[in-house]
Amino acid sequence: MLTNNYQLDKLELIETLIKNNKLGLALNLLKELAETEFSNNEILKRNHPQLMMKVLAHYKNIKNLEQLEIENQELAFLYLNFQEFKKAHLIFEKLYLQEPNNFEILYGFAKSSLELNLTIDPEIFYSLEKKSNATREYHTEVCELLGDFYVERDKNKALYFFEEALQRSPLNPLLNLKFIHLHFAMHQDIYAIEKFLPYALEQGNSSIEKGIALNFATILALEKNEQELAKTLNQKVKSLLPEYLGIFHAQRGEFYAFNGDADKAVNEFFQAVSHDECLTVAHDNLIMISHYAHSITSEQILEFSQNYYQKYIHPFLEQHQIDFNFSNLIRNFQENSLKTIKVGLVSPDFKMHPVFFWISSLLKHASSDNDSNFEIHCYSSIAANDCSESLRSICHKLEYVDHLSDVELAEKIYDDEIHILIDLSGHTAGNRLKTFALKPAPLQITWLGQAGPMGLPQIDYMIADPFAVREGEEALYTEKIYRMPHTAYPAQDYENLQVNRSLARNDGIIVLGSFNNSMKINREVLEAWAHILNSVPKSVLLISNHSVYSTNYRKKILDFLCDQGVDKERIEFENPSDKHAYFQRFNKIDIALDTFPFSGSTTTHETLMMSIPLIGINGNKCAHRNSASILYFSKLDELIAVDQNDYINKLIQLANSPERIIHYKSSIREKYLNSAAADMKSFSKDFFNGLRYLWNQKIQN
C-alpha cells in the first residue's frame, strides 16, 4: 500500500529540486543518498557526483559574492535557495525599499518574511498574487508562497494554490506534504494521503516533516486495517521524533473523531496529553469528544476536566498571579439606584453558527424589555463579519478581542467592570477558559457552547434545564447547576419556510434522513439504522453532512451498511450547501434519525420546526438527552425512547405507519412553535431574571 521511491526516483527528485532552486533540500537528499549503498548502479555512480557539483557550484557563488561584499538580488536568492532566510531577508528588505514593484524582489521579501514568521503587510501578498497573473516567473514558488500565506486566512484558497504549485512541481516532497496536511485538516479523509504520500515521504530522515509524513502513513494504514504495517510505522515515528508523539496522537484523534469513532479518538487524545502536557487543545478535544463516546462515563468526563485544570490552568495561574479585587465594583453597584448589571458574553462563534442565532434572538428580546436593567458587552474572539456586526444594534458594546492574549482579555473585562461573565464555548475550538480562570468578573457562568463540566472552580454556574441535568447529578459537575424552567430555540425568527406536509415520495417509499454532524454517526448508530432499514423494506436513507463530500466517507458508510444486509441502492447522500437548501432538504424526508450517545440539539429544533418527527433517547448523560429534552418541552413525550432498543422499535413502528407520519407532518410544526421549546420571549425573560437572582445571591454573600 505504502511504497517509498527507489534510489533512481530520489535522484530524479533531486534533479527537480535543483531545477526549481530548492538547493538546500537537494543538498540534504544528496547527503542522505551518499550514505546508501549504490556502488552497483552505474547511473547513480555517474549522476550523484554531477548533481552534487551543481549544488556546490551555487554554494561557491555565495562565497564569491560574500568576499566581494556584493549584496545584490543574486546573493539574496542564493541565500533563500539554501534556506538561509535571515541573511536573505536582510538583503531583500533593502532591495524592496528601492524597488517595491519588482516582482522577483517582492517574492523574495515575502518569502523570507513568512519563513521567519515576521509581521508583514498582507497587501504585499495580495500584490504578489495580482502580479503573478501577468508573469510566469517563479510561478511554482509563488503559488507555494501564496498557499502558505492563505493557510491561516482562507484554507480553500490555500489548497488551490498548493494544487497549482503541485501541477508544476509534482515531485516536490514538501509541497506534497503541505497539500496532504491542509486537505486532511479540512476534510479529515484519506484521499490526499493516498494520492500524494509517496513523494511526501521523501523528506530528510531526521526532519519533523518526515515524522508528519510517517504519521499520515500510519493513519492510512490504520484506515486500511493494515495493523502490522501501522504498528511498524508507529514504532518508526516513535524512534525518529519521540518529542512530537503527542502532536501525532492528537492528529489521529481528530481523524477518528470526524469519522465517527469517538472511542478511538478519546484513546488517541488521552495518549496525546500523556506524552505532551503542553497540548491544551488536545485536552480540550479529549473532554469534548468524551461526550460522543459510548465507553466514557460521566464520572470519567469529570475526571478529565479536573485533570485539565491541574495540568494547564493551575500552572497558568502560577505564572500569572493576578488577583482582581471586586469590593469597589460591588460597592458601586449597591450605591447605584439603577442597579444596572453588566453582562459580558465571550465567544468565537459570533458568526453563521447556532450560538450566534441563540444569542442574537436572546438579545433582541432583552432589548425590547425596557425594565431589564442589563448592559450587554459582547467579546468576539474572531474577526468582524456580518453576523457579529449585527449584534451592535442589540447590545451595549461589541468588541473584537481575537488579538488579545488571555491575560489581556481578562484585564480588559475587569476594566470594563463586568459583573457577570458568560462563557459560550466550553472546551470547543477558540475557547478562552484561561481568561475565565483569572476570574476577571465576580460571577462567572458557562452556557450553550458545550455541556459541562468545565473543570474550573472559577466558573460558578452552568445553566441547564431540569431534563438535561437531573436532580442528583450535581456531583458530576465542577459548577453549581442553575436550572432554567425550559430550553428554547429561536424558531420564530425563521420566516417564509416552505414545509412539506405530505410524504416525501408518492411511490410508498418512506425516506429516513440524518443531517447531524458526522462525529455523531458512530458504529452503534449505523447498526441501529441498519436494523430499522432491514425491518422496513420500503424505506431509504438520506445522509447529509460536511463529511459526505469525501468519497472515502461515503464508501465507509455504504460498506458498513451493506455488511449489515442493506442494499447500497437504498442509501443516498447529498452535499450540504447554504441554509436555504438545508431547510429545503427536510422536505425530502419523512422521519429524522437522531444520533446517540450525543443526540441532536440545533438540528433537532430545526427538524421539528420543519414538521418532521424523530425519536430521541432519554439517555444517561446530558449530551445523550438533548433531543429528549426538546421533545419533552415540545409536549411530544410519545417520541421519547427509554433506551436504544426502544428507539429502534419506535422508529420501525413509525416508519411502518404512513398515516402517523402524515399526522405528525401536518401538526408537529405548530405544536412545537406553540410550546416552551420555541418560546424565546419567555426564555429570555427567565434567563435575565435568573441572572439577576444569581447576582443578588452573589452580592448578599
S.K.: Would you say the side-chain atoms of S657 pair up with the backbone N or O of Q653, donor to acceptor, closer than 3.5 Å?
M.R.: no
S.K.: With no hydrogens and no angle check, just 3.5 Å: does a side-chain donor-acceptor pair link N225 and E223?
M.R.: no
S.K.: For Y461, does the six-membered ring have the charged nitrogen or CZ of K480 within the cation-pi criterion, i.e. under 6.0 angstrom from the centroid and within 45° of the normal?
M.R.: yes
S.K.: After noting the C-alpha distance and the side-chain angles of N626 and T604, does the key distance pass the side chain to side chain donor-acceptor pair (under 3.5 Å) rule?
M.R.: CA-CA 8 Å; N626 286 335; T604 298; over 6 Å; no
S.K.: Is it true that R501 and E670 make a salt bridge, defined as a side-chain N closer than 4.0 Å to a carboxylate O?
M.R.: yes
S.K.: Could you give me the CA-CA distance, side-chain angles and deciding distance for Y553 and F573, then say whether ring-ring contact (aromatic ring centres under 6.0 Å, His included) is met?
M.R.: CA-CA 11 Å; Y553 177 80; F573 298 96; 7.1 Å; no
S.K.: Under 3.5 Å, is there a donor-acceptor pair between the E606 and Y489 side chains?
M.R.: yes
S.K.: Check whether any side-chain heavy atom of V548 sits under 4.5 Å from a side-chain heavy atom of P576, and report yes or no.
M.R.: yes
S.K.: Among I359, I445, T446, find the residue that satisfies the side-chain contact (heavy atoms from CB on, under 4.5 Å) test when tested with I422.
M.R.: I445
S.K.: Side chains of residues 504-514: which donor-acceptor partners sit under 3.5 Å, not counting sequence neighbours?
M.R.:
unit_1: R505; atom_1: NE; unit_2: D507; atom_2: OD1; d: 3.3
unit_1: R505; atom_1: NE; unit_2: D507; atom_2: OD2; d: 3.3
unit_1: R505; atom_1: NH2; unit_2: D507; atom_2: OD2; d: 2.7
unit_1: D507; atom_1: OD1; unit_2: I509; atom_2: N; d: 3.1

S.K.: Is the count of non-hydrogen atoms from other residues, nucleotides or ligands lying under 6.0 Å from F560 atom CZ greater than 12?
M.R.: yes
S.K.: Salt bridge between K264 and E268, side-chain N to carboxylate O under 4.0 Å?
M.R.: no
S.K.: For the backbone of F357 and the side chain of S361, can you confirm whether one donor and one acceptor N or O come within less than 3.5 Å of each other?
M.R.: no
S.K.: Between E479 and I459, which heavy-atom pair has the shortest distance, and what is it?
M.R.: CG-O, 3.7 Å
S.K.: Checking the side chain of S684 only, and the main-chain atoms of K681 only, is there a donor and an acceptor separated by less than 3.5 Å?
M.R.: no
S.K.: Above 12 or not: heavy atoms from other molecules or residues under 6.0 Å from NE2 of H580?
M.R.: no
S.K.: Flag the pair V642 / N618 as yes when at least one side-chain heavy-atom distance between them is below 4.5 Å, and no otherwise.
M.R.: no
S.K.: In the structure I gave you, are the side-chain heavy atoms of D284 and T428 within less than 4.5 Å of one another anywhere?
M.R.: no
S.K.: May I ask you to decide whether E473 forms a salt bridge with R625, counting only side-chain N to carboxylate O separations under 4.0 Å?
M.R.: yes
S.K.: Please list all pairs passing the salt bridge (Lys or Arg N to Asp or Glu O under 4.0 Å) test where one or both residues lie in residues 648-668, with sequence neighbours left out.
M.R.: D590-K665
S.K.: Side chains of Y379 and L345: does their closest heavy-atom pair fall under 4.5 Å?
M.R.: no
S.K.: Can you give me the closest heavy-atom contact between T218 and A230, atom names plus distance?
M.R.: CG2-O, 3.8 Å
S.K.: Please check this pair: side chain of R252 against backbone of I219, looking for a donor-acceptor N/O pair closer than 3.5 Å.
M.R.: no
S.K.: Please check: side-chain N/O of N534 versus main-chain N/O of A530, any donor-acceptor pairing under 3.5 Å?
M.R.: yes
S.K.: Between T478 and G455, which heavy-atom pair has the shortest distance, and what is it?
M.R.: OG1-N, 3.0 Å
S.K.: Would you call K556 and D189 a side-chain contact if the rule is heavy atoms closer than 4.5 Å?
M.R.: no
S.K.: If you apply the rule salt bridge (charged side-chain N to carboxylate O under 4.0 Å, His left out), what do you find for R585 with E572, and how did you get there?
M.R.: CA-CA 12 Å; R585 198 170 295 118; E572 302 171 5; over 6 Å; no
S.K.: Has the side chain of Q300 got a donor or acceptor atom that lies under 3.5 Å from a matching backbone atom of S298?
M.R.: no
S.K.: According to the interplanar angle, ranging from 0 to 90°, do the rings of F515 and F586 count as parallel (below 30°), tilted (30 to 60°) or perpendicular (above 60°)?
M.R.: perpendicular
S.K.: Can Y191 and Y549 be counted as having a side-chain donor-acceptor contact under 3.5 angstrom?
M.R.: no
S.K.: Would you give the length of the straight line joining atom CG of D567 to atom CG of L533, rounded to the nearest 0.5 angstrom?
M.R.: 10.5 Å
S.K.: Could you walk me through whether Y632 and H486 pass the ring-ring contact (aromatic ring centres under 6.0 Å, His included) test, one step at a time?
M.R.: CA-CA 10 Å; Y632 172 80; H486 63 89; over 10 Å; no
S.K.: Give a yes or no on whether R523 atom CZ has more than 12 heavy-atom contacts from other residues, nucleotides or ligands under 6.0 Å away.
M.R.: no
S.K.: Classify the ring geometry of F184 against F216: parallel below 30°, tilted from 30° to 60°, perpendicular beyond 60°.
M.R.: perpendicular
S.K.: Could you check whether any side-chain heavy atom of H531 comes within less than 4.5 Å of a side-chain heavy atom of I652, counting everything from C-beta outward?
M.R.: yes
S.K.: Hey, does H291 have a side-chain heavy atom less than 4.5 Å from the side chain of K621?
M.R.: no
S.K.: Ignoring hydrogens and angles, tell me if any N or O in the side chain of D594 forms a donor-acceptor pair with the backbone of G616 under 3.5 Å.
M.R.: no
S.K.: Check whether any side-chain heavy atom of M680 lies under 4.5 Å from a side-chain heavy atom of P490, and answer yes or no.
M.R.: yes
S.K.: Is atom NE2 of H546 surrounded by more than 12 heavy atoms (other residues, nucleotides or ligands) closer than 6.0 Å?
M.R.: no
